[in-house]
J.: 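Following this message is one structure expressed as structure tokens.
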Amino acid sequence: MAATVELIAAPWNLGLRPPAPGREPGTWRAPQALLSAGLEARLRPDRVVELDRPPYAFDAQPATRIRNGVTIREQTLRLGDAVQAALAASRFAVVLGGDCSIVLGCLLGARRDGRCGLVHLDGHSDFRHPGNYDAGSSLGSAAGMDLALATGRGELLLTHWPAVGRPLVADEDVIQIGDREDEETPPVTRFTAQEIQQLGVADLGERVISRLEQRGLDRVWLHLDLDVLDEHVLPAVDSPGRPGLDFPQLAELVATLVGTGRVVGLDLAIYDPERDPDGVYAAPIVDCLAAALTPLATVEAHA
């Protein structure tokens, strides 16, 4: 397991609908908000990479029915390069988003070195694709499609990638955790928010690890959409809901998975500082992530 961290800031909001006419979503502000709240000091990364903020288009782009689809592809390739470089340097990649479409670039970077599974922590399954909605009637938003796109469902623009092909991850190599029983159930291993309440985090962690062992997955990417937290704990997200985890539960689960040595990196998505005007929630997010990554510090101390 990598004992050092590389922080990669991916300040984009490309995969989300406008919250109001002519207004961009605020998730692009999250990386800087978390860094300003002390994340760099807490994680002590070997390197910090800050990608440029891409332009947000309110209107459809040519030849795609996905909002900002062309720009998302361009940014995915750039993020993939950054993640690949971090992993090649034996660093644990922590990608700060941004909306959930960043997971495509994270997986692309990880997959260039071979097979990589996905543990997808999200309060929604994010499994919207042309097979379950009318793509002609409205623009699709990639933040609600990221799991479908990652598993090869949807436009080739965001499902087929140089040197990797399609899909980024097989259905059998995905574990979805924390969705609130969305109508569309993805064909992956799945633990709903309601099931987690019954199981408890410790039992959940054991079951996830057992599934990774069963699949022979020694390389896994961890996607962390913060709306997996209960809305009473973190309302400053695009689509808050309940039930959900609290911060200590989330830290415990992530630490358990990171401690296996199988997780090569994680991305953090959907915190929106514009929904947190007093900056109340940045500090607990930083505390949670720092606690979750303590296994990396332990490895470093013994290196």
Side-chain angles (χ1 to χ4, degrees), residues 1-2 5-6 8 76 79-80 82-84 86-88 90-95 97 100-127 129 145-154 158-161 163-179 185-192 195-196 199 201 203-225 228 250 252-269 292-293 295-296:
M1 179 168 63
V5 169
E6 179 165 322
I8 302 171
T76 294
L79 178 54
V83 169
Q84 182 183 20
L87 300 184
S90 297
R91 299 188 184 111
F92 185 94
V94 176
V95 179
C100 288
S101 63
I102 63 172
V103 74
L104 301 177
C106 298
L107 282 171
L108 177 61
R111 279 278 282 109
R112 286 173 178 164
D113 291 324
R115 180 185 177 203
C116 185
L118 173 64
V119 178
H120 192 267
L121 273 73
D122 199 312
H124 311 84
S125 64
D126 288 357
F127 202 66
H129 57 84
M145 309 169 79
D146 62 271
L147 184 54
L149 293 167
T151 55
R153 296 168 172 88
L158 297 182
T159 58
H160 196 281
W161 300 98
V164 172
R166 171 184 184 182
L168 289 171
V169 62
D171 293 347
E172 297 81 6
D173 290 347
V174 177
I175 301 174
Q176 160 63 29
I177 299 172
D179 67 88
T185 303
V188 302
T189 300
R190 181 170 175 253
F191 300 94
T192 67
E195 289 170 332
I196 295 168
L199 291 172
V201 170
D203 191 1
L204 171 65
E206 291 178 3
R207 294 186 184 213
V208 172
I209 292 169
S210 176
R211 176 61 180 173
L212 298 178
E213 291 173 345
Q214 179 186 0
R215 291 293 302 161
L217 285 165
D218 57 4
R219 298 178 73 250
V220 181
W221 188 268
L222 180 59
H223 169 68
L224 179 50
D225 180 339
V228 76
L250 181 58
E252 178 186 350
L253 178 58
V254 174
T256 296
L257 299 179
V258 170
T260 66
R262 298 171 186 268
V263 181
V264 297
L266 65 81
D267 68 272
L268 195 72
L293 296 183
L296 297 180

J.: Is the closest side-chain heavy-atom distance between Val188 and Phe127 below 4.5 Å?
T.: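 Contact flag for Val188/Phe127 side chains = no.
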J.: Is there a side-chain contact between Leu147 and Asp122 (heavy atoms, below 4.5 Å)?
T.: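 Heavy-atom side-chain distance check fails, nothing below 4.5 Å.
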J.: Compare all side-chain heavy atoms of Pro167 with those of Thr159 and state whether any distance is below 4.5 angstrom.
T.: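 No. Closest side-chain heavy atoms not under 4.5 Å.
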J.: Is Asp171 close to Arg153 at the side-chain level, that is, under 4.5 Å between some pair of heavy atoms?
T.: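 Of all side-chain heavy-atom pairs linking Asp171 with Arg153, at least one is under 4.5 Å.
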J.: With a 3.5 Å distance limit and no angle check, can you tell me whether Arg190 reaches the backbone of Gln176 through a side-chain donor-acceptor pair?
T.: no
J.: Do you know which of Ile209, Val208, Leu257 makes side chain to side chain contact (heavy atoms under 4.5 Å, CB included) with Ile175?
T.: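 In the set Ile209, Val208, Leu257, the residue that makes a side chain to side chain contact (heavy atoms under 4.5 Å, CB included) with Ile175 is Val208.
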J.: Looking only at non-hydrogen atoms, find the nearest pair between Asp179 and Ser125 and report the distance.
T.: CB-N, 3.7 Å
J.: Hey, could you give me the CG/OG1 distance between Asp218 and Thr260, rounded to the nearest 0.5 Å?
T.: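 One gets 10.0 Å once the value is rounded to the nearest 0.5 Å.
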J.: Working to the nearest 0.5 angstrom, can you tell me the gap between Leu107 CG and Trp161 CH2?
T.: 10.5 Å
J.: Listed by chain and number, what are the side chain to side chain donor-acceptor pair (under 3.5 Å) partners of Asp173, not counting sequence neighbours?
T.: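 For Asp173 the side chain to side chain donor-acceptor pair (under 3.5 Å) partners, ignoring immediate neighbours, are Arg115, Arg215.
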J.: Over all heavy atoms of both residues, which pair between Gly154 and Arg166 is shortest? Give the atoms and the distance, please.
T.: O-NH2, 3.9 Å
J.: Can you tell which of Ile196, Leu224, Leu121, Val119 makes a side chain to side chain contact (heavy atoms under 4.5 Å, CB included) with Leu253?
T.: Leu121
J.: Asp146 and His120: side-chain donor and acceptor closer than 3.5 Å?
T.: yes
J.: Working note: Arg211 + Glu172, criterion side chain to side chain contact (heavy atoms under 4.5 Å, CB included); need CA distance, chi angles, decisive distance, verdict.
T.: CA-CA 10 Å; Arg211 176 61 180 173; Glu172 297 81 6; 4.2 Å; yes
J.: At what distance, to the nearest 0.5 angstrom, does CZ of Phe92 lie from CG of Leu222?
T.: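 If we round to the nearest 0.5 Å, Phe92:CZ and Leu222:CG are 7.0 Å apart.
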J.: Does Arg262 reach the main-chain N or O of Leu217 with its side chain, forming a donor-acceptor pair under 3.5 Å?
T.: yes
J.: Taking the side chain as C-beta and beyond, is there a heavy-atom pair between His223 and Cys100 under 4.5 Å?
T.: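 SC-SC contact between His223 and Cys100 confirmed.
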J.: Under 3.5 Å, side chain of Arg111 to main-chain N/O of Leu168, donor-acceptor pair present?
T.: yes
J.: Would you sort out whether Ile8 and Val94 count as a side chain to side chain contact (heavy atoms under 4.5 Å, CB included), showing the intermediate values?
T.: CA-CA 6 Å; Ile8 302 171; Val94 176; over 6 Å; no
J.: As a quick check of understanding, evaluate side chain to side chain contact (heavy atoms under 4.5 Å, CB included) for Cys106 and Leu79, giving each step before the final call.
T.: CA-CA 7 Å; Cys106 298; Leu79 178 54; 4.2 Å; yes
J.: Give the minimum heavy-atom separation between His129 and Ala148, together with the two atoms involved.
T.: CB-CB, 3.9 Å
J.: How about Val95 and Trp221: do any of their side-chain heavy atoms sit closer than 4.5 Å?
T.: yes
J.: Would you sort out whether Val201 and Thr256 count as a side chain to side chain contact (heavy atoms under 4.5 Å, CB included), showing the intermediate values?
T.: CA-CA 10 Å; Val201 170; Thr256 296; 5.9 Å; no
J.: Between Leu108 and Val83, is any pair of side-chain heavy atoms under 4.5 Å apart?
T.: no
J.: Looking at Cys116 and Ala110, what are the two nearest heavy atoms and their distance?
T.: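 Nearest heavy atoms, Cys116 then Ala110: SG-CB, 3.8 Å.
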J.: Is there side-chain contact between Asp113 and Arg219, with heavy atoms separated by less than 4.5 Å?
T.: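 A side-chain contact under 4.5 Å exists here.
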J.: Roughly how far apart are Leu104 CG and Met145 CE, rounded to 0.5 Å?
T.: 10.5 Å
